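In the text below, chain A, chain B and the rest are named by the order of the sequence lines, each starting its count at 1. None of the values given here were measured: they were computed from a predicted structure.
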Protein chains: 2
Amino acid sequence: MQIPLMQVPTPPGSAVVAPCCALAVTPVDEETAQRIAPMFKALGDPVRLQLAARIAAAGRTCVCDLTPHFDLSGPTISHHLKVLREAGLIDCERKGTWVYYWIRPESLATLAALLQADPVA
Amino acid sequence: MQIPLMQVPTPPGSAVVAPCCALAVTPVDEETAQRIAPMFKALGDPVRLQLAARIAAAGRTCVCDLTPHFDLSGPTISHHLKVLREAGLIDCERKGTWVYYWIRPESLATLAALLQADPVA
DNA sequence: CCTTTGAATAGATGATCGTCTAAACAGGAT
DNA sequence: ATCCTGTTTAGACGATCATCTATTCAAAGG
């Protein structure tokens, strides 16, 4: 029943007490889940994850600087950018012929806060 | 072009310099993206996000303690648990008639590390 | 052995997704 | 005005997804 991933085997019989993350502390009701899940979903595609990473790395990025790195059509890249944008992870602005995208760090922070090991511990 | 989410408006013209997160520092090549994206994808469904949160909160949780909280059939819950498990986010063990699930904190930590604000800054 | 209970698997169905091509749109430059 | 280039939108198509019911499996108890 094990699927290899990293190191710690996580003793099956251990009585887990310490909270592993905010997920374990902050109650995630249905409303919260429906607000947060689309962000994770947006990052749940390899192309979009790479797009987000490139935009995060480059700061303020023209679509024309993203497209060449993928073996995909322009419209497909545009579609993925739209998904990221509608999830609230990025935003954009047209400047003449070109459109520039940038990361919304608050959104990433929201997700990170849910996942990271309990900062209080 | 704005989609409301949190507070910071993120000035469009600002020359972003400081890395917002590990995404901006760690290069996310295609291979990495294909390894990580399924984990985000698994959390990208409201039901699975709530399942993960409940398991994280409860520590070591019987399926029978999860199912009643959702308006879904047993097999559907079972399916979602399988998705989370195959993504490496949870693991399970049968104990007699019951099956218990627990969180794999290393996996959550991997994702958190990618998203959280640059810890070096 | 048979029954019972908890959970997973099999298979079906309608919805959503990722991708493409073709067309439309936005702005500069001739 | 007209063209050219970068980007988005529209629409189509096959693949994957979330859910269900029916069935099977696992393990305990008579």
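- Following rounding to the nearest Å, A/Leu84 (CG) and C/dG18 (C1') show an atom-to-atom distance of 14 Å.
- Across all their heavy atoms, A/Ile55 and A/Thr61 have their closest contact at CA-OG1, 3.7 Å.
- For the pair B/Leu81 CG and D/dT19 C1', the interatomic distance rounds to 15 Å; values are reported in whole Å.
- Of the side-chain N and O atoms in B/Arg48, one or more sit less than 4.0 angstrom from OP1 or OP2 of D/dA18.
- With rounding to whole Å, B/Trp98 atom CH2 is found 17 Å from D/dA26 atom P.
- Regarding A/Asp45, its CG atom lies at a distance of 18 Å from the P atom of C/dT16, rounded to whole Å.
- The NZ atom of A/Lys82 sits 14 Å away from the C1' atom of C/dC25 (whole-angstrom rounding).
- Proximity of A/Arg48 to A/Leu43: side-chain heavy atoms (C-beta onward) are nowhere separated by under 4.5 Å.
- The hydrophobic cluster around B/Val83 extends to none of the other residues, as no ILVMFWY side-chain heavy atom falls under 4.5 Å of it.
- For B/Tyr101, no side-chain nitrogen or oxygen approaches OP1 or OP2 of C/dG6 to under 4.0 Å.
- If you check C/dT19, D/dT7, D/dT5 against the side chain of A/Val99, the one that comes closest is D/dT7.
- In this structure, of D/dA18, C/dC17, D/dA26, it is C/dC17 that holds the atom nearest to the side chain of A/Lys41.
- Near DNA chain C, meaning a heavy atom under 4.0 Å away, the residues from residues 67-79 of chain A are A/Leu72, A/Ser73, A/Pro75, A/Thr76, A/His79.
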